[in-house]
Amino acid sequence: MAHYLDELNDVQRAAVTTIEGPVLVIAGPGSGKTRVLTYRVAYVLEQGIEPWRVLALTFTNKAAREMTERIERVVGPRARYVWAGTFHSIFARILRAEAGKIGYPSSFSIYDTDDTVSLLRSIIKEMSLDPQQYNPNAIRSRISLAKSNLLTPPLYRANDQMMEQDRQARRPFTADIYERYVTRCKRAGAMDFDDLLLQMHHLLRNHPDVADKYRERFRYLHVDEFQDTNFLQYAILHLLAKYPGSPENLFAVGDDAQSIYAFRGATIDNILDFSKDFPQLKTFKLEQNYRSTAHIVAAANEIIAHNSRQLPKKIWTARSDSHKIRLLRCMTDDDEARRVVDLIVEQKNRLHLRNGDIAILYRTNAQSRKFEEQLRRQNLPYRVFGGLSFYQRKEVKDLLAYLRLTVNPYDEEALARIINYPARGISDATLTKIRQHAAANNQPLWDAMLTADLPERARKAVLNFRALVESWQRRAHKESAYQLASDIYRQSGLLDELKSERGTEEGLSRLQNANAVLDAISEFTDNASKLPLNEESGETPDASLAAYLQTVTLLTDADMASDSPDYITLMSAHAAKGLEFRSVFITGMEEMLFPSFFALENPGGLDEERRLFYVAVTRAKELLTISFAGVRYRNGRLAESAPSRFLGEIDREHYENLGGIGSRRASAEPISRVASPAASRASVSGNFSSPQPHQSRTQPTAPPADFKPSPPEAVAPGVRVRHLKFGEGVVRSVEGARENRVASIAFQGDEIPERRLVLRFAKLMVLD
DNA sequence: TAGGCTGTGGTTGCG
DNA sequence: CCACAGCCTA
C-alpha cells in the first residue's frame, strides 16, 4: 500500500480506495476533506489511469490550484495534466474548443456581473420600463435563477410559478427582458457566467458526438463542495456520468451542514437526488474533526442541531485541551472594533500568535471599516478580502475591454465602455444614434458604426476608432498576447490618460493596476508555453489573447498572489469557508445582522444563516471569540441591536464568560482559565433573549426578585442606580436623545472610572 | 463635454 | 454613512 494511504484514517482510506462507481463523502468541518479528494485522485493515477481522464471540479480556482499542487507532491508532474478547475473554467475551456457547434465564436466574450447589469440597464431603458421597478440587479438574479433551472425564455414564459412571482413583484415584463437579454448576448458573441454552464449543458444534451467525446475522456469525475452545486451543475454532472455503459465513477465530497449558497440557487436536493439517480452510491461519513479543540466542536454541534433538515452525523474531536469561547459584549461598533483589536494584541503577545493565525469574520463586508481603522492604529498588517475586486476596478476593466473588443468586435459591453474613453469625440448622443440604428436594423453595434447616419464630425471620429481597433484585430493571430496588449495599452490613449493622473495617490495606484494587467498577460504567455493543455491530443499551448481573456474573467481577488505573507485576515463568513485559523473572531453577532434581516423574512433563511454561523465557528482551531454591540451604525442611523439568538444555542459550559463586558480583570488572565459554571450563570443578565421556543436549556436566569429596572427617562445626572452586574453607581452625565441616550456611570469598586451604558439597552434600577 | 451636485438605495458572493 | 447614478450647469 502506498505510503500516503497510511496518513488516512479507516473511513478516509475506504473512500479514497473506492474508485469504481459513484461515491458520496459527507465531510464534516476539519475532517480532512481536501486530503481525501487529493489522495483519491492520486490513487486513481497510481492505478495507471491517464491524468487527462481525471476531471476534478472545485468551488474556487484557489481550491483547484491547491489540489493540483498537492496531487503533484504525491504523483509528480503528471498531476498537471489532470483537468482540475472550477465548473466555469473547465467548461469555458471546452466551450472554446466546441464553440462552433453551438453558434458562438471560439473567441466568445465572457460577461461578468457588471457587464450583465449594464446590458440589462440598457435593455430596460430601451423598453421604457421604470428602472426603479425593474431593478437591474433584481432582474439579473431572476435570470440567473432561470438559467440555473434550465428555464430558457420560452420555458420561463410557460412556467406559471415564475410568471406569477414576477406579477407579484410587479415586474410582469421580466420574461421579455430575459428574452432580449439572451438575444443581445448571442449577438455580442458573449456568455455570462451562467451561460458557461447552460451552454455546456446544451452542448452535451444536443450533440451526441460531443457528449460521447467527453464521456470517453473523463472516466473519473470528482466534485468538491457538492452542497453548493445548483440544479444545472448537477444536470451537467448527470449527463457526463449517467449513460448506458457508464462506469458511473462520480466522486462527490460535501457537507450539507455547510451549505451557505442556497440564496444563489445551490440546493441540498442534489445530495438527496444523488442516491436516487445512482442507486449504486456508496456513502462515507467523515466525522472526526482534526482541526478544532473540544469546546469549539461541541459548540458547533449544538448550533447545527437547531436546524431541522440535515443528514445525521456527529462530529467529534480527539483534542481535549481547549480554550472556551470568549464573548465580548460591546457598547457600540467602535467599541467592538477597539476591543477585538486590543484582544488580538494581547493574544499575539501572550500566545505568540502570528498575524496569519488570526481572522476577523463578519456578516457584511461593510463591517470591515471599523476593524481596519483599529488595526491601522495598532500598526498591525491586515488584508481585507471581498469588496471591490481587482478585476472590477475601472482602470482594469477599461484595459480588458480594449482587449476584449480586439478579440471579439461584437462585444457590445466592451465597445460601449471604451468607445469614448479616453475621450475621442464620440458623444453619448452619437452612441445613442448608433444604438438606435443597430436596434432598428437588428445588427451589431460594430456594424452599425459603419451604416448609422451621423454628422460628419462624429462619423469621422467613429471611423477612426473602428480603424484603430481593426489594426489590432489584424495582429491578434500573429503576435504574442503580451506584445499586442502593450501596444493597445499605448495606442488606445489609456496609458497617457492614467499617467496624467499619477500625481495623486489614487491615480498612481490606478496606473499600477493597469500595468499589473500587462504583467499578468506576460506571465500568462510564459506559463502557457510551458504547459501544453493536453498531452494526449497534443493540442498546442494556447497563449492567445482570447485564451487569456477567457481565463481572466473567471479569476477573483482570492486568486492573486499576496506579497505580504503575514497579515491578519478580514473577511465575510462566506468567504472564510474552507479556511482555518488558530484564532477566529466572529463579530457583529446581533439580531438583524447575523442572522441578517433579510434571512428572517425568507423561508429557510434562518437555517441558512445558522449554517453560516456553523461554518464561521468551525474555522477556529484553538481560540474563538464572539463579539456583539448594543448599538451600531446601520445605513447612517444609530440603531440598537440585541445579541444574536444563535449565541443562546450554544450551551453555556462552552463559554468562558457570558457577555462579560468590563471583564478587564478576566482578560488579563489566561484565556484558558475556566470560569466556574455557577459564576457564569450568575453573570448572565437577561439579554440572551431568544425568540426560538425550543431552548429551555439556555434560557437566561431571571434577575433577582428585588430588581426592578426603571424606565430610561428616570436616569438623569446625579442619581444613584444599580446594575445587575456592575452593582451600585452614580450617573455622571447623560448624552444623546431618545433611544440613543447614553449614560456615563461611575460604579463603586469598578476598575473602569466611568462606564457608558446605552439606556435603551442597559437595565438600571434607580435607587433614589 | 466634463465635472459637480443631488437624490437614492444599500446582504451574503463563486465564476 | 457612503457609493453611485443621473441630472444639471459652466
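Throughout, protein chains are lettered first and strands after them, A, B, ... in sequence-line order, and every chain is numbered starting at 1. Not measured: the values here are computed from a predicted model. Worth knowing before you read on, the calculation uses all heavy atoms, side chains too, and leaves out hydrogens, waters and symmetry mates.
Among the atoms of the strands shown, none is found under 4.0 Å from any heavy atom of A:T553. Nucleic acid contact class of A:R611 (heavy atoms, under 4.0 Å, all strands): none. Counting non-hydrogen atoms under 4.0 angstrom, A:Y261 reaches the backbone sugars and phosphates but no base. Residue contacts shown for A:S596 include a base, since a base heavy atom lies under 4.0 Å away.
Counting non-hydrogen atoms of neighbouring residues, nucleotides and ligands closer than 6.0 angstrom, the CZ atom of A:R459 reaches no more than 12 such neighbours.
Under the 3.5 Å distance criterion, with hydrogens and angles disregarded, a donor-acceptor pair is assigned to the side chains of A:Q258 and A:D255. In summary, the side chains of A:N307 and A:Y614 do not present any donor paired with an acceptor at a separation below 3.5 Å, with no hydrogens or angles considered.
The ring-ring contact (aromatic ring centres under 6.0 Å, His included) test with A:F59 singles out one residue from A:F226, A:Y261, A:F87, and that residue is A:Y261.
Between A:F251 and A:H222, the two ring planes are tilted [angle within 30° to 60°].
In this structure, A:Q367 places its CD atom 11 Å from P of B:dG13, rounding to the nearest Å. If you take CG of A:N137 and P of C:dC4, they are 13 Å apart, rounded to a whole angstrom. At whole-Å resolution of the value, CG in A:L196 and P in B:dC14 are 16 Å apart. Between the NZ atom of A:K577 and the P atom of B:dT12 there is a distance of 17 Å, rounded to whole Å. Remark: P of B:dG13 and CG of A:L554 are 19 Å apart, rounded to the nearest angstrom. In this structure, CZ of A:R632 is placed 17 Å from P of C:dC1, rounded to the nearest angstrom. Taking atom CZ on A:F59 and atom P on B:dG15, their separation rounds to 7 Å, with Å as the unit. Summarising the geometry, the separation between NZ on A:K125 and C1' on C:dA5 is reported as 10 Å, rounded to the nearest angstrom.
Checking B:dG13, C:dG6, B:dG15 against the side-chain heavy atoms of A:A575 singles out B:dG13 as nearest. Among the nucleotides C:dA5, B:dG15, B:dT12, the one closest to the side chain of A:S572 is B:dT12.
Scored by the side-chain contact (heavy atoms from CB on, under 4.5 Å) test, A:F231 finds A:N149, A:L150 as partners (sequence neighbours excluded). Under the ring-ring contact (aromatic ring centres under 6.0 Å, His included) criterion, A:Y362 pairs with no residue, sequence neighbours left out. Remark: A:V182 engages A:P153, A:Y178 in a side-chain contact (heavy atoms from CB on, under 4.5 Å) (not counting sequence neighbours). A search for salt bridge (Lys or Arg N to Asp or Glu O under 4.0 Å) contacts involving A:E372 returns nothing, not counting sequence neighbours.
For A:K186 and A:Y104, the positive end sits near the middle of the six-membered ring, less than 6.0 Å away and at most 45° from its axis.
OP1 or OP2 of B:dG13 sits under 4.0 Å from a side-chain N or O of A:N365. Distances shorter than 4.0 Å separate some side-chain N or O of A:R369 from OP1 or OP2 on C:dC2.
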Write down the protein N/O and nucleotide N/O pairs, taken from nucleotides 4-10 of chain B, whose separation is under 3.5 Å; answer none if there are no such pairs.
unit_1 : atom_1 : unit_2 : atom_2 : d
B:dG9  : OP1    : A:Q132 : OE1    : 2.6

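Checking A:S427 against A:A599, the closest nucleotide of DNA chain B that is more toward the 5' end is the one next to A:S427.
Within residues 419-426 of chain A, the residues having any heavy atom under 4.0 Å from DNA chain B are, by residue number, A:A423, A:G425.
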